Amino acid sequence: MIATLEAVYARSVPFAEDRAFAPELAREAAPIIDALLRSRERGAPDDALAQEHHEALAMIMLLGRRAGALGITPTAALALVPALGAALDAAGAPISAKFAAVLGGLAIEGYVAAREERLAESAAVVAAEAVPMLRVAPKCLALVLSGEHDPDRLRDTVERFGRALFAADARACVVDLSGLLAPTPQHAAEVF
């Protein structure tokens with residue numbers, strides 16, 4: 001079934017970059033297939049509201065998240081559930097179009113959540129790297145913090161500033177926190 005899922009997914013996606021993830025996504029889908037087959041053995045109806053499908057529904061969302069974290073295209077994300085359906089068909093356990101639509105929706109929800117997190121992380125990295133460090137006088141640097149920053153990212157920025165101070169053989173520094181949006185005690189702890 002995993003080989004079927006992998007082959008159907010790989011045939012369904014137009015980009016080589018997406019096809020390269022076929023083996024990994026097929027492996028990630030194996031527990032979903034197992035959970036769906038077990039729920040079928042227990043007589044679960046082909047209904048997403050059936051309690052027996054709870055585990056599989058949670059895992060399909062995780063599969064979507066994994067796909068989003070890998071960076072596959074939206075077209076490839078849409079191919080996941082049809083490939084899963086083909087694998088179940090091959091095992092003689094087909095799912096209804098209605099159930100497949102629910103699985104597809106959950107997979108896309110997971111995919112979108114992971115893509116959003118990935119974009120937010122990328123934006124946070126860019127924002128942290130863009131924080132200006134200025135030479136305001138001989139042996140005096142300034143760090144101007146503005147915008148919204150995660151405390152962990154802020155720690156990295158302050159460490160980078162510390163390395164710049166050391167490299168400049170600085171004797172003094174100015175740290176301007178007035179532009180930070182929604183500062184918290186955690187932000188202050190990282191800066192100090």
Side-chain angles (χ1 to χ4, degrees), residues 9 12-29 31-32 54-55 57-81 101-192:
Y9 170 82
S12 302
V13 297
F15 303 110
E17 294 84 4
D18 293 330
R19 285 191 295 276
F21 292 116
E24 182 171 351
L25 290 169
R27 279 191 309 275
E28 296 276 342
I32 300 166
H54 179 74
E55 181 182 8
L57 297 177
M59 286 190 289
I60 193 75
M61 198 166 203
L62 292 175
L63 177 63
R65 286 184 72 79
R66 181 67 182 136
L70 290 171
I72 69 169
T73 63
T75 302
L78 290 171
L80 286 171
V81 171
V102 171
L103 293 177
L106 290 172
I108 291 301
E109 279 190 41
Y111 173 80
V112 169
R115 291 296 291 228
E116 184 178 312
E117 289 170 4
R118 191 174 174 189
L119 290 172
E121 178 66 21
S122 177
V125 168
V126 169
E129 290 175 356
V131 170
M133 295 176 199
L134 312 167
R135 182 175 307 276
V136 294
K139 297 194 182 251
C140 180
L141 299 179
L143 176 64
V144 181
L145 297 170
S146 62
E148 192 171 332
H149 296 276
D150 178 74
D152 290 335
R153 284 278 167 238
L154 202 52
R155 178 184 327 119
D156 296 341
T157 300
V158 172
E159 286 177 6
R160 188 168 48 96
F161 182 58
R163 288 190 298 276
L165 289 169
F166 183 73
D169 193 28
R171 300 286 182 223
C173 71
V174 176
V175 178
D176 179 2
L177 304 172
S178 64
L180 273 180
L181 298 176
T184 65
Q186 291 84 9
H187 287 96
E190 294 305 333
V191 171
F192 293 116

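Keep in mind it's a predicted model, so treat the numbers as computed, not measured. Only heavy atoms go into these numbers, but all of them, side chains included; no hydrogens, no water, no symmetry mates.
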Would Leu80 and Tyr111 count as a side-chain contact (heavy atoms from CB on, under 4.5 Å) here? Give the steps.
CA-CA 11 Å; Leu80 286 171; Tyr111 173 80; over 6 Å; no
Between His187 and Leu177, does a side-chain contact (heavy atoms from CB on, under 4.5 Å) hold up when you go through it step by step?
CA-CA 10 Å; His187 287 96; Leu177 304 172; over 6 Å; no
Nearest non-hydrogen partners of [X] and [Y], listed with the distance:
{"X": "Ala113", "Y": "Arg65", "answer": "CB-NH1, 3.1 Å"}
{"X": "Glu28", "Y": "Leu63", "answer": "CB-CD1, 3.6 Å"}
{"X": "Leu145", "Y": "Val175", "answer": "CD1-CG1, 4.3 Å"}
{"X": "Ala168", "Y": "Leu141", "answer": "CB-CD1, 4.0 Å"}
{"X": "Cys173", "Y": "Leu165", "answer": "CB-CD2, 3.7 Å"}
{"X": "Arg155", "Y": "Asp152", "answer": "NH2-OD1, 2.7 Å"}

Does atom CD of Glu24 have more than 12 heavy-atom neighbours, drawn from other residues, nucleotides or ligands, at distances under 6.0 Å?
yes
For atom CD of Glu116, is the number of surrounding heavy atoms from other residues, nucleotides or ligands below 6.0 Å larger than 12?
no
Quick one: side-chain contact (heavy atoms from CB on, under 4.5 Å) partners of Ala79, sequence neighbours excluded?
Tyr9, Ser12, Val13
Do Met133 and Arg160 come close enough that some side-chain heavy atom pair is under 4.5 Å?
yes
Drop me the distance from Leu70's CG to Arg118's CZ, to the nearest 0.5 angstrom.
8.0 Å
Please round to the nearest 0.5 Å and tell me the distance separating atom CZ of Arg66 and atom CZ of Phe21.
8.0 Å
Would Leu143 and Thr157 count as a side-chain contact (heavy atoms from CB on, under 4.5 Å) here? Give the steps.
CA-CA 9 Å; Leu143 176 64; Thr157 300; 4.2 Å; yes
Quick check against the 3.5 Å criterion: does Arg115 have a side-chain atom that pairs as donor or acceptor with the backbone of Ile72?
yes
Carefully, step by step, assess Leu57 and Leu103 under the rule side-chain contact (heavy atoms from CB on, under 4.5 Å).
CA-CA 7 Å; Leu57 297 177; Leu103 293 177; 3.6 Å; yes
Per the side-chain hydrogen bond (donor to acceptor under 3.5 Å, both in side chains) rule, what does the pair list look like for residues 125-139, sequence neighbours excluded?
Lys139-Asp169
